Amino acid sequence: VIVSIEVIPAQESIAKGTTLEYTAIATLSNGTQRNITSSASWSSSKPDIATIIDGGLATGVMEGETEITATESGVTGTAQLTVTGAKAKALTITPSNSQKLGIGAELAFEAELTLTDNTTQVVTTQVSWISSDLNLLSFTDNMAKGIAKGTVMVHATYEGIKTNEV
């Protein structure tokens, strides 16, 4: 039996037009915890400020504040979301230096967006990952996989903003 739900992150700000992935963790009566992100019902108290879809993906619609709720078995958990008018200004990826990757080995990349108000947002799952030579290195989401020997450049793009190649 679910006794409480924690919505993570509990308080966050995003720019209008960007997204944020939420996680819902249920605490059960026996003290164990379970990730219910995909099975919970999600809602926004002000869908004109931010919308949220099943699976916990929120999108900033206009500036303001809203409460994000995850519900399962009649139990709710909430989080506060602020949508700002900041715009994307720079995109960086990690790792940002040269890497050696063996054939068949994988390496996870992350992307962070810097906004005009100098806040940052992790946008790893929202960017397009690009390899300069798909015969040497391929991407599945943010996971790069070495295919053959050689040198390859990697970058990411987000709404027309491109990172430096690494």
Side-chain angles (χ1 to χ4, degrees), residues 1-97 106-130 139-144 154-164 166:
V1 174
I2 296 174
V3 294
S4 67
I5 296 174
E6 179 184 11
V7 178
I8 302 167
Q11 188 167 351
E12 190 64 67
S13 292
I14 62 171
K16 182 174 91 172
T18 63
T19 60
L20 176 65
E21 291 183 39
Y22 279 96
T23 301
I25 304 295
T27 299
L28 307 179
S29 56
N30 66 3
T32 61
Q33 293 186 321
R34 184 169 51 108
N35 185 326
I36 59 165
T37 303
S38 60
S39 61
S41 295
W42 292 89
S43 64
S44 169
S45 64
K46 296 178 184 170
D48 56 324
I49 303 290
T51 59
I52 190 157
I53 59 173
D54 288 344
L57 183 65
T59 301
V61 177
M62 62 183 270
E63 291 179 54
E65 295 181 4
T66 187
E67 187 173 79
I68 300 297
T69 302
T71 305
E72 179 138 337
S73 303
V75 179
T76 63
T78 61
Q80 302 303 313
L81 178 62
T82 301
V83 178
T84 69
K87 305 257 188 263
K89 73 173 184 180
L91 183 65
T92 55
I93 59 175
T94 306
S96 60
N97 54 350
E106 294 183 330
L107 176 65
F109 280 85
E110 291 187 8
E112 185 175 79
L113 187 66
T114 302
L115 305 170
T116 53
D117 63 1
N118 291 321
T119 60
T120 58
Q121 250 180 269
V122 175
V123 290
T124 301
T125 59
Q126 288 96 41
V127 299
S128 297
W129 293 98
I130 298 158
F139 272 98
T140 302
D141 299 321
N142 67 312
M143 191 65 68
V154 170
H155 73 270
T157 60
Y158 179 87
E159 295 183 359
I161 298 173
K162 179 182 170 182
T163 62
N164 291 334
V166 295

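Note that the coordinates shown come from a computational prediction; the quantities given were computed from them, not determined experimentally.
- With a 4.5 Å cut-off on side-chain heavy atoms, Ile2 and Glu72 count as touching.
- For the pair Leu81/Ile14, a side-chain contact is recorded, criterion being any heavy-atom separation below 4.5 Å from C-beta on.
- Across all their heavy atoms, Val127 and Ala111 have their closest contact at CG1-CB, 3.8 Å.
- Contacts classified as side-chain hydrogen bond (donor to acceptor under 3.5 Å, both in side chains) and involving residues 6-18 (residues at least two apart or in different chains) are given here: Thr18-Gln121.
- When all heavy atoms are compared, the tightest approach of Pro95 to Leu107 is CG-CD2, 4.0 Å.
- One N or O on the side chain of Asn142 and one on the backbone of Phe109 form a donor-acceptor pair closer than 3.5 Å.
- The shortest non-hydrogen separation linking Ala86 to Thr116 is CA-OG1, 3.5 Å.
- With contacts defined as side-chain heavy-atom distances shorter than 4.5 Å, the pair Thr23/Asn35 qualifies.
- Judged by distance alone, the side chain of Thr78 and the main-chain N or O of Thr69 form no donor-acceptor pair under 3.5 Å.
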_Quick one, Thr125 with Glu21, criterion side chain to side chain donor-acceptor pair (under 3.5 Å). Give me CA distance, side-chain angles, the key distance, then yes/no._
CA-CA 9 Å; Thr125 59; Glu21 291 183 39; 2.5 Å; yes
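- By the side chain to side chain contact (heavy atoms under 4.5 Å, CB included) test, Thr19 is found to be paired with Leu57, Thr59, Gln126, residues two or more places apart in sequence or in another chain being considered.
- Closest approach of Ala58 and Tyr22 over heavy atoms only: CB-CE1, 3.8 Å.
- Between the OG atom in Ser41 and the CD1 atom in Ile52 there is a gap of 11.0 Å [rounded to 0.5 Å].
- For Ser44 (side chain) and Ala50 (main-chain N/O), a donor-acceptor pair under 3.5 Å exists by modelled atom type.
- Of the possible donor and acceptor atoms, none in the side chain of Thr120 sits under 3.5 Å from a partner among the backbone N and O of Leu113.
- Side-chain contact between Ile68 and Trp42 is present, with heavy atoms from C-beta onward closer than 4.5 Å.
- Minimum interatomic distance between Ala88 and Ile161 (heavy atoms only, all atoms of both residues): CB-CD1, 3.4 Å.
- Note that OG1 of Thr92 is 5.0 Å distant from CD of Glu112, once rounded to the nearest 0.5 Å.
- Considering only heavy atoms from C-beta on, Leu115 stays 4.5 Å or farther from Lys89 through its side chain.
- Looking only at distances, a side-chain donor or acceptor of Trp129 sits under 3.5 Å from a matching main-chain atom of Thr124.
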*How far apart are the C-alpha atoms of Gln80 and Glu67, what are their side-chain angles, what is the distance that settles it, and do they pass the side chain to side chain contact (heavy atoms under 4.5 Å, CB included) test?*
CA-CA 5 Å; Gln80 302 303 313; Glu67 187 173 79; 3.1 Å; yes
*Would Ile5 and Ile25 count as a side chain to side chain contact (heavy atoms under 4.5 Å, CB included) if you check the C-alpha gap in whole Å, the side-chain angles of each, and the deciding distance to 0.1 Å?*
CA-CA 6 Å; Ile5 296 174; Ile25 304 295; over 6 Å; no
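- Two residues are said to be in side-chain contact when any heavy atoms from C-beta on lie closer than 4.5 Å; Val1 and Leu28 fail this criterion.
- Across every non-hydrogen atom of Leu91 and Ala156, the tightest pair is CD2-O, 3.7 Å.
- Between the Thr76 side chain and the Ala70 main chain, no donor and acceptor come within less than 3.5 Å of each other.
- Judged by distance alone, the side chain of Asp141 and the main-chain N or O of Met143 form no donor-acceptor pair under 3.5 Å.
- Taking 4.5 Å as the limit, every side-chain heavy atom of Ser96 sits out of range of all side-chain heavy atoms of Thr94.
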_What verdict does the side chain to side chain contact (heavy atoms under 4.5 Å, CB included) test give for Val83 and Thr66, after you've listed the backbone C-alpha separation in whole Å, the side-chain angles of each residue and the deciding distance to 0.1 Å?_
CA-CA 8 Å; Val83 178; Thr66 187; 5.5 Å; no
